[in-house]
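Here is the structure we will look at.
Order of appearance sets the numbers: ligands from 1, and atoms from 1 within every ligand.
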Amino acid sequence: MAVALVVAAGRGERLGSDGPKALVPLAGRPMLHWSVDALAATPGIERIVVALPPGHEQDVPEGCVGVTGGAERSHSVRAALAAAGDAAVLLVHDAARPLLTPELTAHCLAALDEDGGWDAAVAAAPVTDTIKRAPVGLAVEETLQRSALWAVQTPQVFRRAALEQALSHPDAELAAATDDAMLVERDGGRVRVVAASADNIKVTTPLDLELAALLLQRRA
Ligand code: C5P
């Protein structure tokens, strides 16, 4: 059995909303509720812990355990992990991805034990754009081989020891990490991708919010 850690404690400044992004209304309910429902409908998830912004702990969805999130995303993951009991498998999900499905969640959980076992299994979609590296100014240094590139999403599923070790990195390293799996990679862990649909979008801007509403309406 696994415990899901949903991080919902971000402020969402790029969305320009009044309150926290995870609680913004989306297709008639707070954004957070859409992915919590998908997790609750996935067999093998025994508990859902949600990290909420300070002062919003009362907004925890029914049936979930609420904790106060931290200043950085990884602090919120850590706070949620502390309420996860002794589960051997942890699934981390961003509340900012409301298009999560029980099918993708189940695929990520199952992937952890495939091919002799992995330390982490992360949802990802093949990249469709050509990606160039221009680290200094606008000068292109390199064009990456697109067929090898994946745009990584959440859910990200971890063996407990791998996630605990990842979160024990110094704060500056945690703050610079754009996902939890890259810390596992840095520790020499075995991380795999799990093919996901590109419509498991992350809501960052008002345009993303409109698109998420359209995609949810189409599903209904
Ligand atoms: O800001 P961004 O969309 O990259 O955040 C990704 C996820 O991490 C969101 O679901 C957000 O609520 C969460 N987060 C958090 N605590 C923070 C910052 C972000 O739980 N301090």
Seminar exercise, completed: Connected to Leu215, directly or through other members, by ILVMFWY side-chain contacts below 4.5 Å are Leu15, Val24, Leu26, Met31, Trp34, Leu99, Ile201, Val203, Leu209, Leu211, Leu216
Problem set entry | Taking every non-hydrogen atom, the tightest pair across Ala8 and Ala95 | CB-CB, 3.6 Å
Problem set entry | Remaining members of hydrophobic cluster (4.5 Å side-chain criterion), Leu5 | Val3, Val7, Val49, Val65, Val67, Val77, Leu81, Leu90, Val92, Val122, Trp150, Val152, Phe158, Leu163, Leu167, Val184, Val191, Val193
Problem set entry | Protein residues having a heavy atom less than 4.0 Å from any atom of ligand 1 | Val7, Ala8, Ala9, Gly10, Arg14, Lys21, Gly70, Ala71, Glu72, Arg73, Ser76, Asp94, Ala95, Ala96, Lys202
Exercise. Do Asp208 and Thr205 meet the criterion of a side-chain donor-acceptor pair at a distance under 3.5 Å?
Worked result: yes
Problem set entry | Sequence neighbours excluded - salt bridge (charged side-chain N to carboxylate O under 4.0 Å, His left out) pairs with any residue from residues 38-55 | none
Exercise. Is the closest basic N to carboxylate O distance between Asp94 and Arg73 below 4.0 Å?
Worked result: yes
